[in-house]
Novice: 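Questions regarding the structure given below will be posed in turn.
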Amino acid sequence: MGTRKRLISPTTQPSSPDQKPQQQITDPPIAPPKWGFLFKLSLFSIPYFYLIFFHFTIDSHLRRSIIINAGLSLVGFFVTVRMIPVASRYVLKRSLFGFDINKKGTPQGNVKVPESLGIVVGIVFLVVAIVFQYFNFTADSNWLVEYNAALACICFMTLLGFVDDVLDVPWRVKLLLPSIAALPLLMAYAGHTTIVIPKPLVPHIGIEILDLGWIYKLYMGLLAVFCTNSINIHAGLNGLEVGQTVVITYAILIHNIMQIGASTDPEYKLAHAFSIYLVQPLLATSLALLSYNWYPSSVFVGDTYTYFAGMTMAVVGILGHFSETLLIFFLPQVLNFLLSLPQLSGYIPCPRHRLPRFDPQTGLLTGTNDGTLVNFFLRKLGPKSEKSLCIYLLIFQGIACCFCFMLRYFLAGWYK
């Protein structure tokens, strides 16, 4: 998280004949990707591929599509790794950079960090997702309309996120941006608008399935607003925005494979496969960005990435028909939103940056009274370094995802 510096046009003065031309000062190149860190993270993919190839019996055409999508996602990973340094030079030329507030008072706090590198992830993701259509969808596919509508939403949100990074729009406008970006999906959505009543409530309500009609589409729009903004406000540490996205997307992939392997309904399997087709490129490109954004961060992701990632996960949750499960995956973001609500609503004064205090002498962060999960952890755990605090928060994110799987296991057959 950083304070963005705006481009200031220098005043041009006529140069005298005896005045020597000043040597142009170029910014140093960004640090290389953290390959060792990425290798450790790649080990977490072993259970996912074990479920695909050994544990579950998955239809050959579905497995083939998933593998093709994974291969394209891997290509997207390497393209993103290569493009981020190139894009960093361009954004620095346009003075789109920030200073790391959590390193203020140290030499690292004076380094210009390129901002809004989420635009690279969004573009590569969209290219991978579009190319994948050639291998999986036919012209008369029932899923093609919703797939393109999903890509339109994600593209729209990426654009609006980049506009936010450049123009720095106020909070009340940020709440409206996801609603606008979700319109293509809401207009093209042709799926069911029904919900299954929990079994304990069926005797009291008298029906097992309830058709919500337009209320269901309203819920879809609100879910998109929540997911995009919840990633955006649960931030402030190197690697936190991308790290929480990586954890959630990995949990979504595991959930989808488990549902495909356990179900006998072809339509239900296709819905979860649809989710995988979008989540695998999201995970691959996010890992590439995390290799630069992990502590110490050499690039900032900007609102472009948080909006893009939040909208993508909202879309897969809606079209994959597991929005309830998605909200439990987002449990830390829900808690952070509840803690932030008094300040976001204006009931309590809200500063521009609700970040913890950094002590340059010790290199530790101390929690403030601002209503964020970051400050809450620091108040409970005591002063921590930025890296260790981020690890604690990501572990909590993983625990929330594990809790979701346990909850589904214990409630299966009884709740729904």
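For the single chain, residues carry numbers from 1 onward in sequence order. Quick note: numbers below take in every heavy atom, side chains included, and nothing from hydrogens, waters or symmetry partners.
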Novice: Within a radius of less than 6.0 Å around OH of Y48, do more than 12 heavy atoms belonging to other residues, nucleotides or ligands occur?
Specialist: yes

Novice: Determine whether a donor-acceptor pair (N or O, by modelled atom type, separation under 3.5 Å) exists between the side chain of D165 and the backbone of D303.
Specialist: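 Confirmed, D165 side chain pairs with D303 backbone.
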
Novice: Just by distance, do the side chain of D359 and the backbone of L365 share a donor-acceptor pair under 3.5 Å?
Specialist: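 A pair under 3.5 Å: no.
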
Novice: Quick check: closest heavy atoms across P351 and Q343, and the distance to 0.1 Å?
Specialist: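 Scanning both residues completely, I find the closest heavy atoms to be CD-NE2, 3.8 Å.
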
Novice: Would you check if I46 and L43 make a side-chain contact, meaning some heavy-atom pair closer than 4.5 Å?
Specialist: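 The answer is yes, as the side chains (C-beta and beyond) meet within the 4.5 Å cut-off.
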
Novice: For the residue pair T80 and M83, establish whether any side-chain heavy-atom pair is separated by less than 4.5 Å.
Specialist: no

Novice: Run through F137, W143, Y268 and flag the one making a ring pair (Phe, Tyr, Trp, His ring centres under 6.0 Å) with F274.
Specialist: W143

Novice: Decide yes or no on ring pair (Phe, Tyr, Trp, His ring centres under 6.0 Å) for F396 and F377, but give the supporting numbers first.
Specialist: CA-CA 10 Å; F396 179 60; F377 264 60; 5.6 Å; yes

Novice: Answer yes or no: does atom CZ of R379 have more than 12 heavy-atom neighbours from other residues, nucleotides or ligands under 6.0 Å?
Specialist: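 Yes, CZ of R379 has more than 12 neighbouring heavy atoms, counting only those of other groups under 6.0 Å.
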
Novice: Establish, yes or no, whether the cationic atom of K40 lies under 6.0 Å from the six-membered ring centre of F37 and within 45° of the ring axis.
Specialist: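 No; the conditions do not both hold, so K40 does not lie above the ring face of F37.
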
Novice: Under a 3.5 Å cutoff, is there a donor and acceptor pairing between the side chains of Y219 and S323?
Specialist: yes

Novice: Do K387's NZ or CZ and the ring of Y295 fall within the cation-pi criteria of under 6.0 Å and 45°?
Specialist: no

Novice: Below 4.5 Å, heavy atoms only, C-beta onward: do L393 and Q244 meet side chain to side chain?
Specialist: no

Novice: In this structure, are over 12 heavy atoms from other groups packed under 6.0 Å from F53 atom CZ?
Specialist: yes

Novice: Do the charged groups of K103 and E386 touch, with an N to O distance under 4.0 Å?
Specialist: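 Yes.
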
Novice: side-chain hydrogen bond (donor to acceptor under 3.5 Å, both in side chains) for Y305 and T158? Distances and angles first, verdict last.
Specialist: CA-CA 7 Å; Y305 177 79; T158 305; over 6 Å; no

Novice: Just wondering, are more than 12 heavy atoms of other shown residues or ligands nearer than 6.0 Å to CG in D265?
Specialist: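 More than 12 within 6.0 Å, yes.
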
Novice: Within the distance-only criterion (no hydrogens, no angle test), does the side chain of N136 pair as donor or acceptor with the backbone N or O of F132 below 3.5 angstrom?
Specialist: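 Judged by distance alone, no pair lies under 3.5 Å.
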
Novice: Go through the steps for T368 and D370 under the test side-chain hydrogen bond (donor to acceptor under 3.5 Å, both in side chains), then give the verdict.
Specialist: CA-CA 5 Å; T368 65; D370 290 315; 3.2 Å; yes

Novice: With rounding to the nearest 0.5 angstrom, report the CG to OH distance, L319 to Y147.
Specialist: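 Output value for this atom pair is 11.5 Å.
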
